[in-house]
Protein chains: 2
Amino acid sequence: MNIGDVSSRSGLPAKTIRYYEDIGLIKPLRSANGYRSFVAADLHRLAFLGRARALGFTIEDCRTLMALYRDESRASADVKHLAQEHLSKIEGKIRDLQTMHDTLSELVKCCAGDDRPDCPILRDLSGISAALS
Amino acid sequence: MNIGDVSSRSGLPAKTIRYYEDIGLIKPLRSANGYRSFVAADLHRLAFLGRARALGFTIEDCRTLMALYRDESRASADVKHLAQEHLSKIEGKIRDLQTMHDTLSELVKCCAGDDRPDCPILRDLSGISAALS
DNA sequence: ATGAAGGTTCCAGTCAGGGGAGGGTCAAGG
DNA sequence: CCTTGACCCTCCCCTGACTGGAACCTTCAT
């Protein structure tokens, strides 16, 4: 299989697949003409990577996860621990975004949004302490 | 005021302040010795930037917001529109993260997390269609 | 023989800064 | 007068996870 086939089957851009080879996540063979030659195992690894990335794991996490996957004597606790760490990072990001969202949507709600210049969003950004309302 | 004072007053790292000058967001004067010399207006702009960044606006958004702030004849609709676009990007990110969170926490819940190798997280990543449970 | 559609490598750019080298400046103390 | 330490300066490389593009090679169909 050439990279184009693998790309359409895995859903990953060819650029991404080359990048994954660059950083050592996959090691496809080469044909005589220099083209990468993928076998089923490569496709499987790429699909694994695609799913792990879709869950937001970093590349380094993916490397660890693949190592655990190949290690038949792994402890599921190790996998679970990694996933939980990642989960709490996700939760942190959601909290941060939610805070931004709440503040900003409040400001947006207060803004008339017409052709007059007065704007509570800019007022807030400029640091008027928005006091005593 | 030197950059150190401005840094501690604005809460922004000196590196960030220099970077903001680099990309043209502020233009502090220089003393004879080459040091940046900040006046109150610079501090105000930096505080504005800090708050806008804390709300997740990109640097380019900040540039636009500052231009709107300085334009006395702006329409609040323009500000509101920018804020709403940003808000919907935030909402998209929250949705994405929430989806990851839900999937991953379900997998984590199903993982024994002991010293045995069997692990539903890895099983899912490896593409077992997880069917008929 | 030619043209299109694939493949290859390598370089540069993204975003918003962070880290550190190598060096100049300033105020206080000995 | 000299030194010490705390500032400040510029410059360059690094981050993550790719993406875009240039310049070039291979394969296949016409």
Side-chain angles (χ1 to χ4, degrees), chain A residues 1-39 42 45-46 48-66 85-86 89-90 92-93 96-97 100, chain B residues 1-39 42 45-46 48-66 85-86 89-90 92-93 96-97 100:
Chain A
M1 258 187 302
N2 282 350
I3 201 168
D5 304 318
V6 177
S7 172
S8 51
R9 289 199 206 196
S10 67
L12 296 172
K15 278 269 184 188
T16 298
I17 296 171
R18 292 196 192 98
Y19 173 65
Y20 287 171
E21 183 186 12
D22 246 32
I23 62 175
L25 286 176
I26 53 169
K27 302 192 199 314
L29 298 173
R30 297 291 177 134
S31 306
N33 58 13
Y35 288 15
R36 288 170 185 81
S37 175
F38 299 84
V39 296
D42 296 317
R45 290 170 75 86
L46 286 168
F48 185 105
L49 288 167
R51 276 183 291 263
R53 293 285 303 128
L55 287 178
F57 285 105
T58 66
I59 292 285
E60 283 317 300
D61 284 346
C62 291
R63 212 185 285 280
T64 306
L65 285 168
M66 296 207 11
E85 295 240 308
H86 179 43
K89 278 179 202 156
I90 290 177
K93 283 186 191 172
D96 291 351
L97 285 170
M100 289 180 193
Chain B
M1 258 186 300
N2 283 350
I3 201 168
D5 305 316
V6 177
S7 173
S8 52
R9 288 197 205 200
S10 68
L12 297 171
K15 276 274 184 186
T16 299
I17 297 171
R18 292 195 193 99
Y19 174 65
Y20 287 173
E21 182 186 13
D22 245 32
I23 63 176
L25 286 176
I26 53 169
K27 301 192 200 313
L29 298 173
R30 295 291 177 134
S31 307
N33 58 14
Y35 288 15
R36 287 169 186 82
S37 174
F38 298 85
V39 296
D42 297 317
R45 288 170 77 86
L46 286 168
F48 185 105
L49 288 167
R51 277 183 290 263
R53 292 288 298 128
L55 286 178
F57 285 105
T58 66
I59 291 285
E60 284 317 301
D61 284 346
C62 290
R63 211 185 287 279
T64 306
L65 285 168
M66 297 209 7
E85 295 240 307
H86 178 43
K89 279 179 202 156
I90 290 176
K93 284 187 190 172
D96 291 351
L97 286 169
M100 289 179 192

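The sequence lines fix the lettering, A, B, ..., with proteins before strands; numbering per chain opens at 1.
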* To do: Starting from C1' on C/dT8, measure out to CZ on A/F38 and report it in whole angstrom.
  => 12 Å
* Nearest non-hydrogen partners of B/L65 and B/A52, listed with the distance -> CD1-CB, 4.4 Å
* With a 4.5 Å limit on heavy-atom distance, are the side chains of A/F38 and A/R9 in contact? -> no
* Using atom CE of B/M1 as one end and atom P of D/dC8 as the other, report the distance to the nearest whole Å. => 12 Å
* Asked: Sequence neighbours excluded, which residues qualify as side-chain contact (heavy atoms from CB on, under 4.5 Å) partners of B/A54?
  -> none
* Whole-Å distance separating the NZ atom of A/K93 from the C1' atom of D/dG16 -> 11 Å
* Quick one: CG on A/D61 to CZ on A/R53, what's the gap to the nearest 0.5 Å? -> 9.5 Å
Atom pairs, protein N/O to nucleotides 9-12 of chain C N/O, distance under 3.5 Å:
from  : atom 1 : to    : atom 2 : distance (Å)
C/dT9 : OP1    : A/R30 : NH1    : 3.3
C/dT9 : OP1    : A/R30 : NH2    : 3.3
C/dT9 : OP2    : A/R36 : NH1    : 3.3
C/dT9 : OP2    : A/R36 : NH2    : 2.7

* In Å and rounded to the nearest 0.5 Å, what is the CG to CG distance from B/N2 to B/D5? -> 6.0 Å
* Using atom CD1 of B/I17 as one end and atom C1' of D/dC8 as the other, report the distance to the nearest whole Å. => 13 Å
* To do: Return the value, rounded to whole Å, for the distance between atom OH of B/Y19 and atom P of C/dC15.
  => 8 Å
* With heavy atoms under 4.0 Å as the rule, sort A/I3 into base, sugar-phosphate or nothing. => sugar-phosphate
* Using a 4.5 Å cut-off on heavy atoms from C-beta on, say whether the side chain of B/D42 contacts that of B/V6. => no
* **Separation of B/L46 CG from B/R51 CZ (nearest 0.5 Å)** => 10.5 Å
* Are the side chain of A/H86 and the backbone N or O of A/L55 linked by a donor-acceptor pair below 3.5 Å? -> yes
* Considering non-hydrogen atoms only, spot the tightest contact between B/G50 and B/L12 and give its length. => CA-CD2, 4.3 Å
* **Atom-pair distance (CG on A/D5; P on C/dA5), nearest Å** => 16 Å
* Could you state the atom-to-atom distance from CG of B/L12 to P of C/dA16 in whole Å? => 14 Å
* Asked: Just to confirm, is there a sub-4.0 Å distance from OP1 or OP2 of D/dA17 to any side-chain nitrogen or oxygen of A/Y20?
  -> no
* **Heavy-atom protein contacts under 4.0 Å, nucleotides 24-30 of chain D, coded B base, S sugar-phosphate only, - none** => --BS---
* To do: Could you list all the salt bridge (Lys or Arg N to Asp or Glu O under 4.0 Å) pairs where at least one residue sits in residues 20-33 of chain A, not counting sequence neighbours?
  => A/E21-A/R30, A/E21-A/R36
* Euclidean distance, B/I3 CD1 relative to B/T16 OG1, rounded to 0.5 Å -> 9.5 Å
* **Short side-chain N/O contact to C/dA16 OP1/OP2 from B/T16, under 4.0 Å** => no
* Residues touching DNA chain D, which here means a heavy atom under 4.0 Å, drawn from residues 52-63 of chain A -> A/R53, A/T58, A/I59
* Structure fact -> In short, the helix from C/dA1-D/dT30 to C/dG30-D/dC1 is bent end to end, axes from five pairs each side, to 10°, by 30°
* Has the side chain of A/N33 got a donor or acceptor atom that lies under 3.5 Å from a matching backbone atom of A/Y35? -> yes
* To do: Output the distance between atom CD1 (B/I26) and atom OH (B/Y19), rounded to the nearest 0.5 Å.
  => 12.5 Å
* Structure fact -> Rounded to whole Å, the CG-P distance (B/L46 to C/dA16) equals 16 Å
* How long is the span from the CD1 atom in B/I23 to the CD atom in B/E60, to the nearest 0.5 Å? -> 7.0 Å
